[in-house]
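One structure is given below, encoded as structure tokens.
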There are 2 protein chains.
Amino acid sequence: MEVRDMSIRATMDPRQLGTVSLFEGLDDRGLERVLQAASIRKVAAGQAIFEQEDAADTVFVMVAGHAKVAKRGADGQETVIGFINPWEMMGCVAVCGGTGYPGTATAVEDSWLLAWSRATIERLMDEHSRIARNALSTISGRLQSMQTRLHEVSNERVERRIAHTLRRLADASGRDTRQGREIAFPITRQDLAEMTGTTLHTVSRTLSAWHQQGIVESARQRIIVRDASALERIAESE
Amino acid sequence: MEVRDMSIRATMDPRQLGTVSLFEGLDDRGLERVLQAASIRKVAAGQAIFEQEDAADTVFVMVAGHAKVAKRGADGQETVIGFINPWEMMGCVAVCGGTGYPGTATAVEDSWLLAWSRATIERLMDEHSRIARNALSTISGRLQSMQTRLHEVSNERVERRIAHTLRRLADASGRDTRQGREIAFPITRQDLAEMTGTTLHTVSRTLSAWHQQGIVESARQRIIVRDASALERIAESE
DNA sequence: CGGAGGCTTGACTGCAGTCAAAACAGGTGG
DNA sequence: CCACCTGTTTTGACTGCAGTCAAGCCTCCG
């Protein structure tokens, strides 16, 4: 399920960790120490990284690959909380808040992650108060984006919600190609439906319509945004 | 709009501050210092405490009264993020995250609040690392409850969402009366609609139906839950 | 007593969910 | 290399939940 591979750590430049919001502003020696305290895990596509309600004892940073975090409710329905890009962290809320993981994280591609145990992260926070402050501001940002999503799901029509979501995905996880901006990991209609509070049928119909209009290009588990401004118009028009 | 009244502070027992999640675990001397750093404000019902997008420079703790925090979107629609009860704080996310306030806070009753400036709260956090940790865990809790609400709005039918919301309100902000458990502050159908992502019409119809069944008692801006277990059944039944 | 804000109810409608079926792509094993 | 099987996507037809439109009532407050 998980394989450790120490050689990767040896070849990694600690300064890359400075990209991670949690470790922003640390000096080189601090980053070095943080890296030394980490362990590395490889997770194959489709495998779980952590499970909902498991005691939260590890903070992860994605090094390469992508993961999906989804919460499943009592009724078995899933809601996609978000996708994790390289150099983003996950698990921090649960570890800091002292609760279980809020959802299940699944690798959607073969991925490499750095991992720190709860005890280690707490020690690092003690040594570098900057890390605690970073955690606070990162979580605050997530809370705000959650509030925005709540507002959207509560007040907006499906098409517009999909447009908003797709725009954000293209923005945060996109990769420019000759055809347009492509979501940089495999994502199904079902995933998009679970992010927007709708059904895969409606997502499929919507994307088909947008395809007709030349706004998106799409194939199995791939979506390319050709006309970002049209998407913007759908998302924001009165 | 806001009136300062220092005499209240003089008569307040610092230990009451220990009830506030942000200051949990501080010793008496710490609480004393926190209280000394606070200023007091009185806000009349209907008045704003802070406005959406204002630079977040003050953290508040409700001493007596209740406030509503609502976010209004680009389209002018409002979403109620939550209600603030006595000894709960607000503004912390924005102040800690370094962003503007995520919504507008309005007193729904005449209220008294303690207030700390950003600089003061940061100094207090430096002096007492416990405060920073508390902030982290409080915000984590809010994030999780946001995720739960997102899941509900995405996947559940209106009636069930209202049941969930009403249950939580009665739980967190209820007061036991001979008729049942009453929401302890004035709340309109519109407020409830904006919390659940529906319209005041639907809320009204739903409450009427529940009234028929003896589940709730309600009047202008007042709701009493008579049969909590029935509500539970509506909220959780398959 | 009059006005404003809050609540209720009815009738209608349409968005999007459900049900159903089929095409398609990709991976696996023979 | 082909056959099969599973998971993904598309499309159509139907339906019902809840939003919209409309009207009127109630309650509190000035």
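All chains are named by letter (A, B, ...) in the order of the sequence lines, taking the proteins before the strands, and each is independently numbered beginning at 1. Note that the structure is a prediction, hence the values are computed from the model and not measured.
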Nearest to the side chain of [X], heavy atoms from C-beta on, is which of [options]?
| X | options | answer |
| --- | --- | --- |
| A:H201 | C:dT9, D:dT10, D:dT8 | D:dT10 |
| A:T199 | C:dG17, C:dC7, D:dT10 | C:dG17 |
| A:R157 | C:dC15, D:dT10, C:dT18 | C:dC15 |
| B:V158 | D:dC21, D:dA18, D:dT11 | D:dA18 |
| A:T198 | C:dG17, D:dT20, C:dG6 | C:dG17 |
| A:S208 | D:dT20, D:dT11, C:dT8 | D:dT11 |

How are the rings of B:H66 and B:F185 set relative to one another: parallel (under 30°), tilted (30 to 60°) or perpendicular (over 60°)?
tilted
In whole Å, I'd like the distance from the [atom1] atom of [X] to the [atom2] atom of [N].
| X | N | atom1 | atom2 | result |
| --- | --- | --- | --- | --- |
| A:Q212 | D:dT11 | CD | P | 7 Å |
| A:W210 | D:dT9 | CH2 | P | 15 Å |
| A:R160 | C:dA16 | CZ | P | 11 Å |
| B:Q77 | D:dG19 | CD | P | 11 Å |
| A:R222 | D:dT9 | CZ | C1' | 15 Å |
| A:H211 | D:dT9 | NE2 | P | 14 Å |

Under 3.5 Å, is there a donor-acceptor pair between the [X] and [Y] side chains?
| X | Y | value |
| --- | --- | --- |
| B:Q144 | A:T99 | yes |
| B:R189 | B:S218 | yes |
| A:T138 | A:S21 | yes |

Would you say a side-chain N or O of A:T202 is under 4.0 Å from OP1 or OP2 of C:dA16?
no
Does a nitrogen or oxygen in the side chain of A:R189 sit under 4.0 Å from OP1 or OP2 of D:dT8?
no
Classify the nucleic acid contact of [X] as base, sugar-phosphate or nothing, counting any heavy atom under 4.0 Å across all strands shown.
| X | result |
| --- | --- |
| A:S204 | base |
| B:L207 | nothing |
| B:R220 | base |

A:R205 vs A:A219, nearer the 5' end of DNA chain D by closest nucleotide:
A:A219
Closer to the 5' end of DNA chain C via nearest nucleotide, is it A:E156 or B:Q221?
B:Q221
Do the side chains of B:F83 and B:M195 get nearer than 4.5 Å, heavy atoms only?
yes
